[in-house]
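Report on the following structure.
On a predicted model such as this, the values are computed, not experimentally measured, just so you know.
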Amino acid sequence: MPLPDPHTLAPRRVAVLPDHIANRIAAGEVIQRPESVVKELVENALDAGAHSLQVIIKGGGTDLIQVVDDGCGMDEQDAVASFLRHATSKIGSYEDLEAIRTYGFRGEALASIAAVAQVAMITRRAEDDVAVVVRVHAGGETEVSRDARAVGTTVTVSNLFYTVPARRKFLKSAQTEFRHVHDVVMRTALAHPDLAVDFYSDNEVVFRLNPSTVEQRIVDLFGQRTGESLLGVNEETEFLSVSGFIGKPVYGQKTRAHQYLFLNERVIQSRNIAHAVLGAYEHLLEKGSFPFFILFLRIDPHRVDVNIHPSKMEVKFDDEQGVYRFISALVRKALGAAGAVPALTLMGGGESTGLRFTAAQHGDPVRGFSDSRWFSPERVNPSTGEILPALPFLAPPPPGAMPSAQPEFTKDDEPGPLLWQLHNRYILSQIKNGLMIVDQHVAHERVLYERALERFHRGMRASQQLLFPCTAVFPPDDYSLVAELLPHLDQLGFDIKPFGKHTVLIEGVPTDVRPGHEQSILEEMLGLYKEYRRDAPTDVRDNLAKSFSCRSAVKAGDTLSEQEMRSLIDQLFATKMPYVCPHGRPVVLRIPIDELDRRFGRK
């Protein structure tokens, strides 16, 4: 049926809506689904000073929601007034809007809930002999009576959206609505570990939590494995204080569901902070994984606006960039202090040869080698004795081109005098507490990646001119991409000039490029760059650095001399993050000597 033309409609007089209609429209801004009701009622209980909380739902919350607390309760006057529109206990003047410190004690939300559901409240103060019972009927009529109850408040909400059937029709299944309610109750339990929380759904216990510490509550809700994967964060300044836990990189999640933020004990959402945490993990996580974190922020209420959204889930800081940098630095500090190196543990006994990778915290297995000789210009194939040409792309960078090495370690932390290459793919070295294994390709990839970023950051262009320049022909879209990236390619060390239709002349390449591979590396870089750009369209330099390092690094199958292996590992452990490649794959594995002893029956 076509919509009528507004120009053909007869003009109407402006009319003021009746209260019951206006209330139902206003309720839609705050009460969107059962989750919204639970959130408002739970926050009221917290402001009432509750020490224990019970949340009971049926039918995902559409049939019944009941929140029971042992807070301060209310007298008859406050109990009745709490259902009135624009009634609140937290705002007495305009200035209060700029420094809200409470959730909202029995006010405003109750009027919205009562507009779309059947609501009953029973509440009692410590100084009263009996409890006040308030029932709100459709249209806003209230009925007041008396009953017996312990100190505290119980709010019962039945038949949600029965006054607006169209909205009820758009609710999801009971299972979906339950998950949303579960998330609210769980976040409340995390934000207030000193609060006893019982949660029931359809007459079954979902969880019962006793007062505890934050760490124990995380274990109670997520399990022991999560508890063992936590790294503590804690920093306090005059501007902002942050505490909580982040997950070790090995505990990466497939979604952002397990990311929890609390501001002054209020549950919030912040893309800015979530991005700061994710960015701090750099390439420690596999592609498509997200960090687990539970962070508690405290800041002067005058420096944050919690009223930019009706649900108060979103907030705005007066210094968004300052908060971003603070969170990013704090998470990087915690991850750096952990210094986790993947450990390889042999599983089973007898003839079992199964392997398991675990995340274990160890001291850095290597921080440079005592023998700092550079490799000789000749290499010998250990299998045939054939003299092989040196690999110039493994040459050490010029002084100052790489981050400085980490703090010195004792001789006990250095590897033995010999290095071995396994299947022309892995580098093996003895260390004090076992055996270290390095993947030569991803190790060199990490070195080249950080070197490329350093060139971008400092403008330290390093190029080698080709004795015989070569041409490369590209499809139109790739040629356009080369033209777009030309300034960045130049910073990397590529000397490229247009040379006819869809053709470029390559006159120079970075010193890290293998001779004879100039054209193929450039073509492969473009292919990888386009792939990375789909996931991070604005991070041009990082995508280009990853593409370059992946295609320029030594390959699995390349034979390396001992000096080249030594040079590679020296450079690896001078990087900022030697344990993972730019794509999140492990670079270093460690087999503890105790594990080898166990496997050989020595323990």
Side-chain angles (χ1 to χ4, degrees), residues 283 377 389-403 441-442 444-555 558 564 567-568 571 575 581-583:
H283 306 295
L391 299 179
F393 54 92
L394 268 180
M402 290 287 289
H441 170 69
V442 293
H444 196 211
E445 196 174 350
R446 164 53 67 176
V447 170
L448 295 183
Y449 169 75
E450 292 199 11
R451 193 180 297 176
L453 292 182
E454 192 77 7
R455 288 172 180 167
F456 284 137
H457 179 66
R458 297 189 179 185
M460 300 177 62
R461 186 176 187 273
S463 180
Q464 55 183 354
Q465 293 300 304
L466 299 180
L467 184 60
F468 301 102
C470 63
T471 58
V473 181
F474 296 97
D477 57 336
D478 282 355
Y479 181 81
S480 175
L481 182 59
V482 171
E484 176 187 333
L485 297 175
L486 208 54
H488 303 293
L489 291 170
D490 181 75
Q491 282 185 288
L492 272 180
F494 284 95
D495 191 354
I496 300 174
K497 297 179 180 178
F499 194 71
K501 187 177 182 181
H502 303 155
T503 304
V504 297
L505 181 66
I506 305 174
E507 296 183 337
V509 293
T511 53
D512 309 302
V513 173
R514 289 169 287 172
H517 294 77
E518 298 83 7
Q519 180 177 344
S520 63
I521 283 179
L522 182 59
E523 292 172 346
E524 292 170 1
M525 278 179 57
L526 293 179
L528 274 181
Y529 177 84
K530 289 187 289 186
E531 179 182 333
Y532 299 147
R533 185 175 59 176
R534 287 195 293 267
D535 296 328
T538 61
D539 210 342
V540 176
R541 290 183 170 182
D542 187 73
N543 291 337
L544 201 56
K546 285 192 293 187
S547 306
F548 172 72
S549 63
C550 184
R551 287 299 174 250
S552 301
V554 297
K555 307 300 182 186
D558 286 344
E564 287 167 337
S567 174
L568 175 58
Q571 294 177 55
T575 63
C581 81
H583 310 93

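- The backbone N or O of Gly516 lies less than 3.5 Å from a partner atom in the side chain of Glu518, making a donor-acceptor pair.
- Contact of the Asp542 side chain with the Tyr449 side chain is registered, since non-hydrogen atoms from C-beta on lie closer than 4.5 Å.
- In this structure, Met525 CE and Cys550 SG are separated by 10.5 Å, a value rounded to the nearest 0.5 Å.
- Shortest non-hydrogen contact noted between Ala452 and Leu492 is CB-CD2, 3.5 Å.
- Ser547 places a side-chain N or O within 3.5 Å of a backbone atom of Asn543 that can act as its donor or acceptor partner.
- Counting only heavy atoms from C-beta outward, the side chains of Val554 and Glu564 never approach each other to under 4.5 Å.
- Salt bridge annotation for Arg455-Asp512: present, with a cationic side-chain nitrogen under 4.0 angstrom from a carboxylate oxygen.
- Here the side chain of Arg461 pairs a donor or acceptor atom with the backbone of Asp490 at under 3.5 angstrom.
- Nearest heavy atoms, Val442 versus Cys581: CB-CB, 3.7 Å.
- Nearest heavy-atom pair, Gln519 versus Ala472, reported as atom, atom and distance to 0.1 Å: CG-CB, 3.8 Å.
- In this structure, Gln491 CD and Leu485 CG are separated by 11.5 Å, a value rounded to the nearest 0.5 Å.
- Of all non-hydrogen atoms in Glu445 and Ala553, the two that sit nearest each other are N-CB, 3.7 Å.
- Atoms CZ and CG, from Arg551 and Leu526 in turn, are 11.5 Å apart once rounded to the nearest 0.5 Å.
- Distance OG1/Thr575 to CZ/Arg446: 6.0 Å, rounded to 0.5 Å.
- When side chains are defined from C-beta on, Val540 counts as touching Tyr529, because their heavy atoms get closer than 4.5 Å.
- Atoms CG and CG, on Leu544 and Asp539 in that order, are 10.5 Å from each other to the nearest 0.5 Å.
- Separation of atoms CD (Gln571) and NE2 (His444) is listed at 6.5 Å; rounding is to 0.5 Å.
- Between Asp495 and Gln465, some side-chain heavy-atom pair lies under the 4.5 Å cut-off.
- Counting heavy atoms from C-beta outward, Leu522 and Ile496 have side chains that approach closer than 4.5 Å.
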For the pair Phe548 and Val513, evaluate side-chain contact (heavy atoms from CB on, under 4.5 Å) and give the outcome as yes or no after the intermediate values.
CA-CA 9 Å; Phe548 172 72; Val513 173; 3.8 Å; yes

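- Judged as a side chain to side chain contact (heavy atoms under 4.5 Å, CB included), and not counting sequence neighbours, the contacts of Lys530 are Asp477, Asp478, Leu481, Arg533.
- A search for side chain to side chain contact (heavy atoms under 4.5 Å, CB included) contacts involving Leu505 returns Pro469, Thr471, Phe499, Glu507, not counting sequence neighbours.
- Between the Ser552 side chain and the Ser549 main chain, no donor and acceptor come within less than 3.5 Å of each other.
- The ring-ring contact (aromatic ring centres under 6.0 Å, His included) analysis of residues 453-495, with sequence neighbours excluded, yields the pairs Tyr479-His502.
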